[in-house]
Amino acid sequence: MSREVRVRFAPSPTGPLHIGGVRTALYNYLFAKKMGGKFLLRIEDTDQGRFVPGAEDYIKESLEWLGIAPEESPWKPGDVGPYRQSERKEMYKQYALDLIEKGHAYYAFDTAEELEAMRERLTAARVVQPQYNGITRTQMKNSLTLPAEEVKARLESGDPYVIRVKIPLKEDVRLNDMIRGWVMVHSSTLDDKVLMKSDGMPTYHLANIVDDHLMGITHVIRGEEWLPSAPLHVLLYKFFGWEDTMPQFAHLPLLLKPDGNGKLSKRDGDKLGFPVFPLNWTDPFSGEKSPGFREQGYLPDAFLNFLAFLGWNPGDDREIFSLEELVEAFSVERIGKSGTKFDIAKAKWFNEQYLRSKPNSELVEFLTASAQMEDIEIPLEKAFAIISLVKDRVTFPDELWKESRFVMVAPTEFDQEVATKKWNVDAVKVLSSYSVALDGFTGNFDAVTAKSLLESTAEAEGIKLGKVMQAVRLAVTGMGGGPDLMEVFAILGSVEVAKRIRFALDTLTVVA
RNA sequence: GGUCCGUUCGUCUAGGGGUUAGGACGUAUCCCUUUCACGGAUAAAACACGGGUUCGAUUCCCGUACGGACUACCA
């Protein structure tokens with residue numbers, strides 16, 4: 001009785017995968033794994049006019065980056081393929097014809113102009129909802145109103161036509177959504193949706209039912225924007241006689257813009273300065289570029305963790321979850337009902353957590369890679385020391401280098417504001433004698449030694465170390481802030497520190 | 001307009017007929033400290049509104065308001 005769980009993610013290749021789509025894919029993946037089932041991907045490319053080259057690869061790469069690649073897909077077909085709807089084109093017609101035979105669908109020959117005229121007429125007559133439905137279809141050109149011979153003649157002469165579903169006049173359509181519970185809609189509010197377009201392609205409504213059925217899909221987890229057409233889908237399962245294997249539906253809450261209201265869009269990301277796409281994307285037609293989370297420095301596991309919590313939670317206080325832990329903890333019951341505002345600050349926090357928990361050896365690679373872009377080589381031992389110095393200070397991997405660049409590159413200029421405030425006679429005195437002390441230093445120059453030497457120097461001058469510490473930092477790093485100075489000294493070595501101090505002494509002048 | 005969905009701190013949320021309504025992000029303050037950050041501590045901050053039901057509603061029911069989705073030969 002119980003079938004193997006099979007879920008699908010079914011994007012259309014019309015552009016870069018939106019973050020909401022990524023979350024839908026993630027929830028599908030989590031559900032499949034949790035249930036010991038299969039996660040598959042089907043490309044919904046029945047609208048040939050909206051096809052965008054590269055979009056399919058983008059989808060593939062995005063999911064692979066996150067480690068949630070489907071087990072069956074156009075690139076890794078299982079035995080229910082093909083996995084692109086355009087390649088399944090020939091399969092759909094027989095199902096549409098089957099529906100016509102059963103009296104649940106019909107041919108419609110109305111032109112775009114005639115449809116428009118119908119809508120205008122109805123609007124003028126103050127009909128609340130002008131649509132092609134059980135009432136209006138009696139006045140249109142279709143196989144329900146036209147004589148059988150004319151229908152036959154039109155079909156044979158190649159007249160363009162569509163196939164529409166024949167929505168019953170009075171019927172309550174119910175569906176039990178896994179997230180929302182029972183949803184009931186009266187068929188009179190539904191319209192006779194086109195099932196088969198005049199170009200011979202099915203619409204989403206037909207294709208998704210036929211494919212889900214043929215592919216053995218047990219659960220449809222998709223965005224809330226599909227909820228209004230779900231009753232139509234239920235009706236179609238019934239018309240086909242597939243009620244017994246009809247998948248269960250779960251309609252996910254939408255991802256909302258951080259400020260104000262409405263669905264999260266690329267525009268919001270641009271305005272507030274964050275990506276809404278997983279990867280960088282360049283539109284092949286307009287050349288317009290969109291930033292991606294990956295290129296901004298988000299780690300895949302951190303991004304995944306963040307995404308999972310946009311609308312779902314485990315029911316306890318834990319927040320850091322690996323993919324495996326997410327699978328373990330996931331359940332559809334714990335998905336919220338209301339829309340979720342997108343909060344980039346939380347995403348950054350997740351990234352920081354993941355970055356800090358990474359082994360230093362991995363962070364070292366980030367650091368050396370960044371440095372190499374400037375042709376700077378960091379000795380491995382030094383790189384490790386630098387990492388422990390800065391890892392708690394950054395959100396993104398590339399900041400590792402930005403925060404520590406001063407270690408490898410001696411300052412040539414100094415923060416003016418700090419210089420004005422802190423560069424004084426006392427500082428010059430301490431630094432001068434410290435540089436001399438450094439020259440005579442032999443032994444292991446570690447942080448403790450560096451500090452005690454500095455302390456005794458200051459004491460000898462009769463100056464409190466705290467008074468001149470900022471100036472010391474300025475002299476050696478050029479900046480007023482940064483990681484533990486004595487640790488920096490240890491990495492630099494006594495010779496380099498002395499050298500930098502002398503340069504500062506030569507360059508900076510006491511103002512007051 | 002119509003249909004459907006939703007509404008707990010600024011944000012993500014836990015909770016559920018009787019709680020000091022809990023946590024996290026963010027914010028503020030304090031501690032640590034040579035700076036900044038990390039870390040630790042503390043604080044401010046929420047049940048949209050109105051009716052029921054009930055001994056008692058944030059929780060259940062109904063309205064209202066507000067928000068959202070959908071309303072194509074797009075998905």
Side-chain angles (χ1 to χ4, degrees), chain A residues 10-14 44-47 49-50 85 108 110-112 115 123 126-132 160-164 177 179-181 183-186 188-191 193-205 207-208 222-231 251 253-254 256 258-263 306 309-320 334 336-350 352 356 389-394 403 418 422 451 454-455 464-474 477 479-486:
Chain A
S12 38
T14 53
E44 309 236 319
D45 55 350
T46 52
D47 187 350
R50 293 212 305 165
Q85 288 184 329
D110 315 276
T111 63
L115 289 171
T123 308
R126 297 212 275 179
V127 170
V128 278
Q129 197 160 13
Q131 56 183 18
Y132 209 116
Y161 68 89
V162 300
I163 295 175
R164 285 181 182 271
D177 188 272
I179 293 171
R180 283 149 221 287
V183 175
M184 201 182 78
V185 181
H186 194 80
S188 62
T189 65
L190 268 26
D191 64 340
K193 281 267 183 300
V194 169
L195 261 23
M196 191 68 89
K197 299 184 266 189
S198 55
D199 66 358
M201 274 289 193
T203 60
Y204 170 83
H205 301 106
N208 108 85
R222 80 232 289 201
E224 192 187 349
E225 66 269 28
W226 293 108
L227 196 50
S229 55
H251 289 94
L254 263 14
L256 271 22
D259 60 339
N261 299 108
K263 212 158 51 156
F306 165 69
F309 273 71
L310 253 29
W312 172 87
N313 75 85
D316 55 39
D317 287 346
R318 293 176 301 156
E319 291 203 278
I320 303 298
R334 296 210 63 87
K337 291 177 169 65
S338 47
T340 303
K341 285 191 182 174
F342 188 82
D343 181 16
I344 196 67
K346 191 80 180 216
K348 287 183 180 170
W349 179 79
F350 271 111
E352 286 163 5
R356 280 169 207 161
L389 218 53
V390 296
K391 71 183 293 189
D392 284 344
R393 315 174 60 83
V394 301
E403 282 284 315
V418 180
K422 304 286 180 180
K451 185 166 189 185
L454 183 57
E455 272 169 344
K464 286 199 75 173
L465 185 54
K467 291 273 191 191
V468 296
M469 206 58 197
Q470 283 282 81
V472 175
R473 175 181 290 282
L474 182 73
T477 70
M479 301 175 295
D484 189 288
L485 228 209
M486 294 306 128

- Between CD1 of A:I320 and P of B:G23 the distance, given in whole Å, is 18 Å
- Any residue meeting salt bridge (Lys or Arg N to Asp or Glu O under 4.0 Å) with A:D177, in chain and number order, not counting sequence neighbours: none
- What heavy-atom pair brings A:T46 and A:Q85 nearest, and what distance separates the two atoms? CG2-OE1, 3.4 Å
- Message: Show, in sequence, the C-alpha distance, side-chain angles and deciding distance for A:R473 and A:V418, and conclude whether the side-chain contact (heavy atoms from CB on, under 4.5 Å) test is met.
- Response: CA-CA 10 Å; A:R473 175 181 290 282; A:V418 180; over 6 Å; no
- Counting only N and O atoms by type, is there a donor-acceptor contact under 3.5 Å from the side chain of A:K391 to the main-chain atoms of A:R356? yes
- Message: If I pick the C1' atom on B:G40 and the same atom on B:C5, what distance separates them, to the nearest angstrom?
- Response: 44 Å
- Message: In whole Å, I'd like the distance from the CG atom of A:N313 to the P atom of B:G23.
- Response: 15 Å
- Query: Taking atom P of B:A72 as reference, at what distance in whole Å does atom CE of A:M201 sit?
  - Reply: 22 Å
- Message: Classify A:K263 by what it touches in the nucleic acid, base, sugar-phosphate, or nothing, heavy-atom distance under 4.0 Å.
- Response: sugar-phosphate
- Query: Quick one: on RNA chain B, does A:F309 or A:E319 contact a more 5' nucleotide (nearest heavy atom)?
  - Reply: A:F309
- Nearest-angstrom distance from the residue atom OH of A:Y204 to P of B:A72: 17 Å
- Counting any heavy atom closer than 4.0 Å, what does A:K337 reach on the DNA or RNA strands: base, sugar-phosphate only, or nothing? sugar-phosphate
- Query: What does B:G6 pair with, Watson-Crick or G-U, if both distances are under 3.5 Å?
  - Reply: B:C66
- Side chain of A:R50: nearest nucleotide among B:C73, B:G68, B:A75? B:A75
- Item | Per A:S338 side chain, nearest of listed nucleotides B:U7, B:U3, B:C73 | B:U7
- Query: Do A:S198 side-chain and B:C73 base share a donor-acceptor contact under 3.5 Å?
  - Reply: yes
- Message: If you only use heavy atoms from C-beta on, which nucleotide in B:C4, B:A75, B:A14 is closest to the side chain of A:L227?
- Response: B:C4
- Message: Side-chain N or O of A:T203 versus OP1/OP2 of B:A75: is the shortest distance under 4.0 Å?
- Response: no
- Query: When all nucleic acid strands are considered with a 4.0 Å heavy-atom cut-off, which category describes A:R222: base, sugar-phosphate, or nothing?
  - Reply: nothing
- Query: If you look at every strand shown and take non-hydrogen atoms under 4.0 Å, does A:G482 touch a base, only sugar-phosphate, or nothing?
  - Reply: base
- Message: Taking only the C1' atom of each, what is the distance from B:G50 to B:U11 in whole angstrom?
- Response: 28 Å
- Rounded to the nearest Å, what distance is computed from the CD atom of residue A:Q470 to the P atom of nucleotide B:U35? 7 Å
- Message: Of the options B:C70, B:A14, B:A75, whose atoms approach the side-chain atoms of A:R334 most closely?
- Response: B:A14
- Query: Quantified in whole Å, what is the P atom distance between nucleotide B:A44 and nucleotide B:G67?
  - Reply: 32 Å
- Query: Minimum heavy-atom separation for A:G480 to A:Q470, with atom names?
  - Reply: O-OE1, 3.4 Å
- Would you kindly give the NE2-to-P distance between A:H186 and B:G2, to the nearest whole Å? 17 Å
- Of all the choices, B:U35, B:C74, B:G23, which nucleotide is nearest to the side chain of A:D484 once you look at every atom? B:U35
- Query: Of the nucleotides B:A69, B:A75, B:A24, which one has an atom closest to the side chain of A:S12?
  - Reply: B:A75
- Message: Rounded at 0.5 Å granularity, tell me how far CG in A:L485 sits from CG in A:L389.
- Response: 9.5 Å
- Query: Short question: side chain of A:R334, backbone of A:N313 - any donor-acceptor pair under 3.5 Å?
  - Reply: yes
- Rounded to whole Å, the CD1-C1' distance (A:I163 to B:C73) equals 12 Å
- Given the C1' atoms of B:U34 and B:U42, what is the spacing between them in whole Å? 26 Å
- Which atoms form the tightest heavy-atom contact between A:L190 and A:Q131, and what is the distance? O-NE2, 3.5 Å
- Quick one: label A:T46 by what it contacts on the DNA or RNA (base, sugar-phosphate, nothing), any heavy atom closer than 4.0 Å. sugar-phosphate
- Message: Would you measure the distance from the C1' atom in B:C70 across to the matching atom in B:U54 and give it in whole Å?
- Response: 39 Å
- Message: Quick check for you: among B:C70, B:A75, B:G68, whose closest atom lies nearest to any side-chain atom of A:L254?
- Response: B:G68
- Sorted by chain and residue number, the salt bridge (Lys or Arg N to Asp or Glu O under 4.0 Å) partners of A:D191 (sequence neighbours excluded) come out as A:K193
Interface polar pairs with nucleotides 31-33 of chain B, N/O, under 3.5 angstrom:
none

Polar pairs (N or O, both sides) under 3.5 Å between protein and nucleotides 37-43 of chain B?
residue	atom	partner	partner atom	Å
B:A37	O2'	A:D392	O	3.2

- Message: What's the closest nucleotide to the side chain of A:P228 if the choices are B:C70, B:U34, B:C73?
- Response: B:C70
- Message: Could you tell me how far B:G15 sits from B:G22 if I compare only their C1' atoms? Round to whole Å.
- Response: 8 Å
- Query: Between B:C73, B:C5, B:U34, which one does the side chain of A:E224 approach most closely?
  - Reply: B:C5
- Message: From the set B:C4, B:A69, B:U35, return the single nucleotide nearest to any side-chain atom of A:V183.
- Response: B:C4
- Message: Applying a 4.0 Å non-hydrogen cut-off, can you work out what A:N208 is touching in the nucleic acid: base, sugar-phosphate, or nothing?
- Response: nothing
- Note on the structure: Sequence neighbours excluded, the answer for side-chain contact (heavy atoms from CB on, under 4.5 Å) partners of A:K346 is A:F306, A:E319, A:D343, A:W349, A:F350
- Message: Counting the atoms with a prime plus P, OP1 and OP2 as sugar-phosphate, which does A:V162 contact under 4.0 Å by heavy atoms, base, sugar-phosphate, or nothing?
- Response: base
- Mark yes or no for whether A:S12, through its side chain, and A:T14, through its backbone, hold a donor-acceptor pair below 3.5 Å. no
- side-chain contact (heavy atoms from CB on, under 4.5 Å) assessment of A:H251 paired with A:V183: CA-CA 11 Å; A:H251 289 94; A:V183 175; over 6 Å; no
- Query: So what's B:U27 paired with, Watson-Crick or G-U wobble, going by both distances under 3.5 Å?
  - Reply: B:A43
- For the residue pair A:P228 and A:P231, what are the closest heavy atoms and their distance? O-CD, 3.4 Å
- Query: Roughly how far apart, to the nearest Å, are B:A21 and B:U13 at atom C1'?
  - Reply: 13 Å
- Message: Taking salt bridge (Lys or Arg N to Asp or Glu O under 4.0 Å) as the definition, give me every residue that meets it alongside A:R126, ordered by chain and number, with sequence neighbours left out.
- Response: none
- Task: In whole angstrom, give me the gap between the P atoms of B:C9 and B:C47.
- Result: 7 Å
- Determine which nucleotide pairs with B:G18, using a 3.5 Å limit on both distances of a Watson-Crick or G-U wobble pair. B:C55
- Nearest-nucleotide check on RNA chain B, A:A347 vs A:G311; residue mapping nearer the 5' end is A:G311
- Task: Describe the nucleic acid contact of A:P160 in one word from base, sugar-phosphate, nothing, applying a heavy-atom distance below 4.0 Å.
- Result: nothing
- Would you say B:C74 has OP1 or OP2 under 4.0 Å from some side-chain N or O of A:K197? yes
- Query: For the pair made of CG in A:D343 and C1' in B:U11, what is the distance, rounded to whole Å?
  - Reply: 5 Å
